[in-house]
Amino acid sequence: MFKKIIVALDRSHMNKQVFEEALDLAMRNNAKLMLLHVLSSEEENSPLMPIYSSLNYYPELTRTELYQKEWDEFREEGIKILQYYTNLATTNNVETEFTQTLGSPGRNICEFARNWNADLIIVGRRSRSRIAEVFLGSVSNYVLHHAHCSVLIIEEKKESLTATSPETQSNSV
């Protein structure tokens, strides 16, 4: 059914869950995977743009150079994540490529999917409140409403709040 699947990855804790779902689906459908990471200042732990003030403790060039170094490291970490998951997929005999782009995550994912003629986009969704989504936006929501193809949204797994560890359970009968 699906032959070309885009897997949108970022630096979140959901990467593993999103990738495992994509790998399973690709293996069952003999599909090709494209792992996509969009570099964005919106992403968690992205380097912050230097703030310029009238108080010049350091020369402006130094702050700019520091920001560029942090951004280069951020970009390289993204490539390492993509390489790691590509290696896992190819180990499982799934044809896989990866790419990293720069820009708005939702728009870039949809545009790349259109240009690559993807059948399916797989993206994760963190459990944010409605208010947080209004202010921060939601990549998964954008992709769901703007993609030209099917979209599979992987919801964040939550641990049960009522679960207890074996140490805290009583042995009473």
Side-chain angles (χ1 to χ4, degrees), residues 1-46 74-75 77-166 168-169:
M1 183 172 163
F2 300 113
K3 294 297 173 196
K4 294 177 87 176
I5 302 171
I6 289 190
V7 186
L9 298 172
D10 59 13
R11 285 176 175 73
S12 75
H13 59 277
M14 288 198 60
N15 266 358
K16 183 178 183 212
Q17 184 181 349
V18 170
F19 175 76
E20 287 173 351
E21 292 286 341
L23 182 62
D24 181 58
L25 197 55
M27 289 169 65
R28 285 189 281 133
N29 286 277
N30 195 28
K32 181 177 182 178
L33 290 180
M34 173 61 76
L35 308 182
L36 174 63
H37 177 241
V38 180
L39 286 169
S40 169
S41 59
E42 301 166 22
E43 189 174 356
E44 285 180 25
N45 302 319
S46 67
F74 187 68
R75 184 179 64 238
E77 287 172 16
I79 294 293
K80 287 178 184 175
I81 290 167
L82 292 169
Q83 289 172 331
Y84 173 77
Y85 285 115
T86 297
N87 290 339
L88 281 179
T90 54
T91 299
N92 284 283
N93 298 317
V94 174
E95 186 179 347
T96 307
E97 297 177 63
F98 70 84
T99 190
Q100 183 169 254
T101 64
L102 176 65
S104 171
R107 274 182 272 181
N108 280 30
I109 292 166
C110 291
E111 182 179 326
F112 194 90
R114 194 174 307 107
N115 293 337
W116 194 62
N117 295 317
D119 304 313
L120 177 66
I121 299 170
I122 300 179
V123 64
R125 180 181 183 279
R126 285 172 273 182
S127 299
R128 285 189 177 150
S129 70
R130 299 252 186 231
I131 293 173
E133 282 195 6
V134 167
F135 289 109
L136 299 174
S138 168
V139 172
S140 60
N141 188 39
Y142 183 94
V143 171
L144 181 64
H145 289 93
H146 294 89
H148 80 287
C149 61
S150 297
V151 177
L152 175 60
I153 297 176
I154 307 300
E155 292 284 335
E156 179 177 32
K157 288 182 184 175
K158 290 189 173 186
E159 297 297 320
S160 172
L161 297 176
T162 58
T164 57
S165 66
T168 60
Q169 293 177 349

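Taking every heavy atom of both residues into account, Ala31 and Ile5 meet most closely at CB-CD1, 3.8 Å. The minimum heavy-atom distance linking Ala22 with Leu33 is given by the pair O-CD2, 4.0 Å. For the pair His37 and Asp10, the tightest heavy-atom approach, listed with the atom from each and the gap, is CD2-CA, 3.7 Å.
The side chain to side chain contact (heavy atoms under 4.5 Å, CB included) check on Asp24 picks up Arg28, with sequence neighbours excluded. Contacts of Ala8 classified as side chain to side chain contact (heavy atoms under 4.5 Å, CB included), with partners at least two apart in sequence or in another chain: Ile109, Val123.
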Side chains of residues 114-122: which donor-acceptor pairs under 3.5 Å do they make with residues two or more places apart or in other chains?
{"residue": "Asn115", "atom": "ND2", "partner": "Glu111", "partner atom": "O", "Å": "3.4"}
{"residue": "Asp119", "atom": "OD2", "partner": "Lys3", "partner atom": "N", "Å": "2.6"}
{"residue": "Asp119", "atom": "OD2", "partner": "Lys4", "partner atom": "N", "Å": "2.8"}

Ignoring hydrogens and angles, write down the donor-acceptor pairs under 3.5 Å from the side chains of residues 77-84, residues two or more places apart or on other chains.
none

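Here the side chain of Ser40 pairs no donor or acceptor atom with the backbone of Val38 at under 3.5 angstrom. Between the side chain of Gln17 and the main chain of Glu155, a donor-acceptor pair closer than 3.5 Å is present. Looking only at distances, no side-chain donor or acceptor of Asn92 sits under 3.5 Å from a matching main-chain atom of Val94.
Once rounded to the nearest 0.5 Å, the distance linking CZ of Phe19 with CG of Leu88 reads 5.0 Å. In this structure, SG on Cys110 lies 9.5 Å from CG on Leu144, to the nearest 0.5 angstrom.
The side chain to side chain contact (heavy atoms under 4.5 Å, CB included) with Leu35 is formed by just one residue from the set Asn15, Thr99, Leu9; it is Leu9.
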Step by step, would you call Ser150 with Phe2 a side-chain contact (heavy atoms from CB on, under 4.5 Å)? CA-CA 10 Å; Ser150 297; Phe2 300 113; 4.2 Å; yes

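Residue pairs meeting the salt bridge (Lys or Arg N to Asp or Glu O under 4.0 Å) criterion with at least one partner in residues 99-108, sequence neighbours excluded, do not occur; the list is empty. Sorted by first and then second residue, the salt bridge (Lys or Arg N to Asp or Glu O under 4.0 Å) pairs involving residues 88-102 (not counting sequence neighbours) are Lys32-Glu95, Lys32-Glu97.
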